[in-house]
Asks: 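Pasting a structure below so you can have a look.
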There are 2 protein chains.
Amino acid sequence: MPKEVATAERSSTRRKSGRREEILQIARTLFAEKGFESASIREIGDAAGILSGSLYYHFATKDDMLDELVRPFVLPLLKQYEVIAHSDADAPDRLRQMIQFGLQNLVQEPDLLKIVANDRKFFAKSERFSYVEEAWQDIFQIWYGVLQDGVRQGQFRSDLNLHITLRMIIELLNGTVDWFRPDGRFTIEQVIDTQVELLFGGLTPR
Amino acid sequence: MPKEVATAERSSTRRKSGRREEILQIARTLFAEKGFESASIREIGDAAGILSGSLYYHFATKDDMLDELVRPFVLPLLKQYEVIAHSDADAPDRLRQMIQFGLQNLVQEPDLLKIVANDRKFFAKSERFSYVEEAWQDIFQIWYGVLQDGVRQGQFRSDLNLHITLRMIIELLNGTVDWFRPDGRFTIEQVIDTQVELLFGGLTPR
DNA sequence: CCTACCGATCGGTAGG
DNA sequence: CCTACCGATCGGTAGG
């Protein structure tokens with residue numbers, strides 16, 4: 001069963017690396033939409049206009065595709081959080097910047113953020129991808145340090161359980177991944193503002 | 001009460017219903033752990049000590065097992081939120097009670113809460129299970145009404161985007177599903193207290 | 001509840 | 001990148 005689309009795409013002249021990159025972006029979208037394990041190589045092939053078996057001309061395994069997407073995203077993410085967390089600003093300012101950075105990322109790299117946030121169970125059980133869960137642990141530590149600083153300096157309340165508070169903040173950011181749409185009725189700036197305001201000030205008027 | 005529902009459903013097979021119920025609870029655990037689609041009928045059969053094919057002596061389809069677990073959980077959940085939301089208490093009190101109820105549920109029915117929270121994508125795309133997503137929409141509306149009441153009566157800040165605030169609160173509760181463990185280092189009371197305190201008062205000291 | 005299967009789909013491969 | 005497959009696993013079934 002020859003496909004017109006597939007034929008048309010094949011006849012166009014493209015460099016190997018360009019095609020490879022195209023397929024990778026298609027995989028990225030599908031992994032984000034359906035989750036890594038639920039997205040099949042046949043779906044990726046269909047979307048790319050080739051047979052699933054032909055994907056293995058470009059990539060050795062499905063895991064390789066995921067790794068090639070996730071690794072160059074996760075490590076800079078972790079480093080960026082470190083940079084913000086260790087700046088000279090005071091704790092509330094650093095926390096604000098981290099929330100802002102995390103949510104801005106949601107606009108710039110929504111797919112990759114969805115993958116690392118939603119497929120945590122898969123990463124955790126896979127030896128090869130243990131670095132993803134480790135990065136999450138490191139990111140937790142970084143946030144925790146900022147919260148501690150704020151409490152020490154009297155800028156954050158000292159009567160809150162910081163571990164639970166941290167979990168709440170992270171869940172808040174990761175949860176946003178599943179409902180925020182850049183073309184929806186809210187801008188990311190509105191979301192950042194609301195999350196910062198609620199986290200810092202709470203619901204009760206001052 | 002769930003007992004009455006169960007009795008009505010299988011009144012003609014009372015003696016065999018014990019085994020049926022056992023299998024259902026095994027399925028519940030696996031659905032919660034791995035997600036509905038990732039949990040295979042062979043795993044359920046193995047855990048129950050029978051062959052996967054033999055499950056179909058008790059249930060017509062895998063979907064039937066899920067429906068039998070989820071339906072009697074979701075509808076009372078929605079109703080309970082309605083009862084709390086329409087009580088005579090003021091808005092902050094009702095919100096507090098709803099958070100408390102939601103988190104207490106996490107201790108009493110962790111598996112079912114995980115299923116309805118984590119498999120939302122599956123429920124949304126399935127016609128048969130549309131009632132789950134509809135229940136979520138209803139629950140959103142109920143929470144939203146309480147937030148609106150609080151703003152109207154000057155007990156909640158009026159400068160927050162309520163839609164975003166609502167999303168945050170729901171994500172917060174649903175996110176708790178994935179990290180809270182009853183045998184962990186925090187009690188559910190600590191989690192309730194911290195979440196209520198942070199949501200109402202914020203991080204900044206008064 | 002078991003035996004003995006079914007067609008569909010999964011990730012992946014040999015050879016061109 | 002295609003053809004033509006592979007073994008494993010999926011949800012489910014007929015007959016006892």
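Note that the structure is a prediction, hence the values are computed from the model and not measured. So you know, we letter chains A, B, ... as the sequences are listed, proteins then strands, and number each from 1.
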Asks: Need to verify one output field. Residue with the more 5' nearest nucleotide on DNA chain C, B:Gly49 or A:Thr61?
Replies: B:Gly49
Asks: More 5' along DNA chain C: B:Ile23 or A:Ser54, using each one's nearest nucleotide?
Replies: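 Checking each residue's closest nucleotide, the 5'-ward one belongs to B:Ile23.
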Asks: Near DNA chain D, counting only heavy atoms under 4.0 Å, which residues of residues 25-41 of chain A show up?
Replies: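 Heavy-atom cutoff 4.0 Å gives no residues at all.
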Asks: Tell me if a side-chain donor or acceptor on A:Arg94 pairs with a main-chain N or O of A:Ile84 at a distance below 3.5 Å.
Replies: no
Asks: For chain A and DNA chain C, what are the first and last nucleotides along the strand, 5' to 3', with at least one atom under 4.0 angstrom from a heavy atom of the protein chain?
Replies: C:dC10 to C:dT13
Asks: Any salt bridge between B:Arg20 and B:Glu68, counting N to O under 4.0 Å?
Replies: yes
Asks: Could you tell me whether the side chain of A:Trp136 and the main chain of A:Val116 form a donor-acceptor pair under 3.5 Å?
Replies: yes
Asks: Could you check whether any side-chain N or O of B:Lys114 sits under 3.5 Å from a backbone N or O of B:Phe31, counting only pairs where one atom can act as donor and the other as acceptor?
Replies: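 Not at all, since once roles are kept as given, no pair shorter than 3.5 Å links the two residues.
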Asks: So how far off straight is the helix from C:dC1-D:dG16 to C:dG16-D:dC1, going by the axes through five pairs at either end, to 10°?
Replies: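 Axis-to-axis angle, ends of the helix: 0°.
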Asks: Are B:Asp90 and B:Arg96 within salt-bridge range, i.e. N to O under 4.0 Å?
Replies: no
Asks: So which of A:Gln141, A:Glu133, A:Glu134 actually passes side chain to side chain donor-acceptor pair (under 3.5 Å) with A:Gln137?
Replies: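 The side chain to side chain donor-acceptor pair (under 3.5 Å) with A:Gln137 is passed solely by A:Glu133 among A:Gln141, A:Glu133, A:Glu134.
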Asks: With a 6.0 Å cut-off on ring centres, are B:Phe180 and B:Phe186 close enough?
Replies: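 Centroid separation for B:Phe180 and B:Phe186: 6.0 Å or greater.
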Asks: Does B:Glu82 pair with B:Lys79 as a salt bridge, N-O distance under 4.0 Å?
Replies: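 Looking at B:Glu82 and B:Lys79, the cut-off is not met.
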Asks: Is B:Leu51 touching bases, backbone alone, or none of the nucleic acid, heavy atoms closer than 4.0 Å?
Replies: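 The answer is base, as B:Leu51 lies within the cut-off (heavy atoms under 4.0 Å) of a base atom.
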Asks: Just say parallel, tilted or perpendicular for the rings of A:Phe101 and A:Tyr81, cut-offs at 30° and 60°.
Replies: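 Because their plane-to-plane angle is over 60°, the rings of A:Phe101 and A:Tyr81 count as perpendicular.
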Asks: Tell me whether the rings of A:Phe129 and A:Tyr131 are parallel (<30°), tilted (30 to 60°) or perpendicular (>60°).
Replies: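 Correct class here is tilted.
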